[in-house]
*Asks:* 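This is the structure I want to talk about, given as structure tokens.
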Amino acid sequence: MRTLGQDDADALLAFELANRAWFERHVEAREPAFYSPDGVARHIAQYLEGHASGAWHPCLLLDEDGRIVGRANLKDIDRAEGSAEVGYRIAHDQTGKGLATFALRNLIGLARTAWQLKELRAEITHANQGSAAVLRKCGFVHARELPQLAIVDGARVDGALYLLDLAPA
């Protein structure tokens, strides 16, 4: 796992296109303009600007051949509050291999060491039970319901907020 870079645009576009339908079954669809070389370049530039300002930490998961097999982010980092939201997406052909758990554990480590955060949040749709299981496995607890969290397949879907307290035990 490593931080996203500007030179990742072509590989990231290929990853997102190959997994678009899979992701859109679980999370709100991206704007169609995203799925182009210029759209992905703008996306990366925005994320790297957020990283430079301390609001984001965007990462990629790579396989042994250097192919992108997942993404993981700390987003909406609030240093004063000591919190951030986690997000991750794993390639459809890589699910069930522990990559989401690996990514989330690495995000937890970044939150503790690089950002000195006290709490992490995750919002997921109820249909995404795989992510709910990963969150629980990594110590997150269900905090509350989130009515009409996202639009998936053209319909508003409910979800849940999960929290992880990073305070030392």
Side-chain angles (χ1 to χ4, degrees), residues 1-63 66-79 81 83-95 99-100 102-104 106-107 110-111 115 117 120-135 140 143-163:
M1 192 162 123
R2 67 165 173 78
T3 301
L4 176 70
Q6 191 64 48
D7 57 345
D8 292 316
D10 291 341
L12 184 58
L13 177 57
F15 167 79
E16 292 287 350
L17 284 170
N19 293 284
R20 183 178 184 177
W22 168 247
F23 295 148
E24 289 178 2
R25 287 179 48 198
H26 303 287
V27 297
E28 197 159 339
R30 296 185 185 278
E31 292 294 321
F34 169 83
Y35 295 98
S36 69
D38 287 342
V40 168
R42 281 191 302 274
H43 172 82
I44 291 173
Q46 181 181 26
Y47 275 40
L48 294 180
E49 182 179 302
H51 186 245
S53 72
W56 282 80
H57 197 128
C59 299
L60 298 175
L61 281 80
L62 307 174
D63 68 9
R67 181 178 71 101
I68 298 173
V69 293
R71 299 184 66 182
N73 302 304
L74 291 174
K75 60 184 183 176
D76 298 329
I77 297 170
D78 183 331
R79 299 294 293 270
E81 185 179 291
S83 68
E85 185 175 343
V86 297
Y88 49 87
R89 44 176 71 203
I90 304 299
H92 186 228
D93 67 349
Q94 299 297 310
T95 59
L99 291 177
F102 171 82
L104 188 53
N106 275 275
L107 290 177
L110 281 171
W115 297 97
L117 301 179
L120 293 177
R121 301 177 309 279
E123 295 179 358
I124 62 164
T125 63
H126 288 308
N128 197 350
Q129 287 306 300
S131 277
V134 169
L135 290 166
F140 282 73
R144 66 181 167 92
E145 293 298 302
L146 297 174
Q148 300 187 358
L149 174 64
I151 299 173
V152 179
D153 287 333
R156 282 237 166 246
V157 296
D158 295 339
L161 172 69
Y162 284 78
L163 298 174

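The figures that follow rest on heavy atoms only: side chains count, while hydrogens, waters and symmetry mates do not. This chain uses plain numbering: 1 for the first residue, then up along the sequence.
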*Asks:* Restricting to non-hydrogen atoms, name the atom on Ala72 and the atom on Leu107 that form the minimum distance, rounded to 0.1 Å.
*Replies:*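 Nearest heavy atoms, Ala72 then Leu107: CB-CD1, 3.8 Å.
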
*Asks:* In the structure I gave you, are the side-chain heavy atoms of Thr3 and His51 within less than 4.5 Å of one another anywhere?
*Replies:* yes

*Asks:* Can you find a heavy atom in the side chain of Leu99 that is under 4.5 Å from one in the side chain of Val69?
*Replies:*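 Contact flag for Leu99/Val69 side chains = yes.
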
*Asks:* Which distance, rounded to the nearest 0.5 Å, do you find between the CG of Leu74 and the CZ of Arg121?
*Replies:*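 Going from the CG atom of Leu74 to the CZ atom of Arg121 covers 10.5 Å.
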
*Asks:* For Tyr162 and Ala132, work out which heavy atoms get closest and say how close.
*Replies:*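 For Tyr162 and Ala132, the tightest heavy-atom pair comes out as OH-CB, 3.7 Å.
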
*Asks:* May I ask you to check whether over 12 heavy atoms, not counting those of Gln129, lie within 6.0 Å of atom CD?
*Replies:* yes

*Asks:* What about Tyr88 and Phe102, are their ring centers closer than 6.0 Å?
*Replies:*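 No.
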
*Asks:* Within 45° of the axis and under 6.0 Å from the centre of the six-membered ring of Phe15, does NZ or CZ of Arg71 qualify?
*Replies:*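 Output no; distance or angle outside limits.
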
*Asks:* Counting the benzene-type ring for Trp, do Tyr47 and His43 have ring centres under 6.0 Å apart?
*Replies:*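 Yes; His43 has its ring centre under 6.0 Å from that of Tyr47.
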
*Asks:* Can you give me the closest heavy-atom contact between Asn19 and His92, atom names plus distance?
*Replies:*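 Where Asn19 meets His92 most closely, the heavy atoms are OD1-N, 2.8 Å.
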
*Asks:* To the nearest 0.5 Å, what is the distance between CG on Leu120 and OG on Ser83?
*Replies:* 8.5 Å

*Asks:* Which heavy atom in Ile68 sits nearest to a heavy atom in Leu12, and how many Å separate them?
*Replies:*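 Shortest heavy-atom contact: CD1-N, 3.6 Å.
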
*Asks:* Please list, chain by chain and in numerical order, all residues satisfying side chain to side chain donor-acceptor pair (under 3.5 Å) with Trp115, sequence neighbours excluded.
*Replies:*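 Per chain and number, Trp115 pairs via side chain to side chain donor-acceptor pair (under 3.5 Å) with His57.
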
*Asks:* Out of curiosity, Ile90 CD1 to Leu104 CG, how far, rounded to the nearest 0.5 Å?
*Replies:* 10.0 Å

*Asks:* Would you give the length of the straight line joining atom CG of Leu61 to atom CD of Gln94, rounded to the nearest 0.5 angstrom?
*Replies:* 10.0 Å

*Asks:* Identify the two heavy atoms, one from Leu13 and one from Pro37, that lie closest to each other, and give their separation to 0.1 Å.
*Replies:* CD2-N, 3.7 Å

*Asks:* Any heavy-atom pair between the side chains of Phe23 and Glu16 that's under 4.5 Å?
*Replies:*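 Touching, per the 4.5 Å side-chain cut-off.
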
*Asks:* Counting only heavy atoms not in Gln6, do more than 12 sit closer than 6.0 Å to its CD atom?
*Replies:* yes

*Asks:* So, do His126 and Glu145 sit near enough that their side-chain heavy atoms are less than 4.5 Å apart?
*Replies:* yes

*Asks:* Let me see the working for Arg2 and Asp8 under salt bridge (Lys or Arg N to Asp or Glu O under 4.0 Å), right down to the final yes or no.
*Replies:* CA-CA 11 Å; Arg2 67 165 173 78; Asp8 292 316; 2.7 Å; yes

*Asks:* One pair to check against side-chain contact (heavy atoms from CB on, under 4.5 Å): Phe140 and Leu163. What are the steps and the verdict?
*Replies:* CA-CA 5 Å; Phe140 282 73; Leu163 298 174; 5.5 Å; no

*Asks:* Where do Leu117 and Ala84 come nearest, in terms of heavy atoms and distance?
*Replies:* CD1-CB, 3.6 Å

*Asks:* Could you tell me whether Asp93 atom CG has more than 12 heavy atoms of other residues or ligands within 6.0 Å of it?
*Replies:* yes

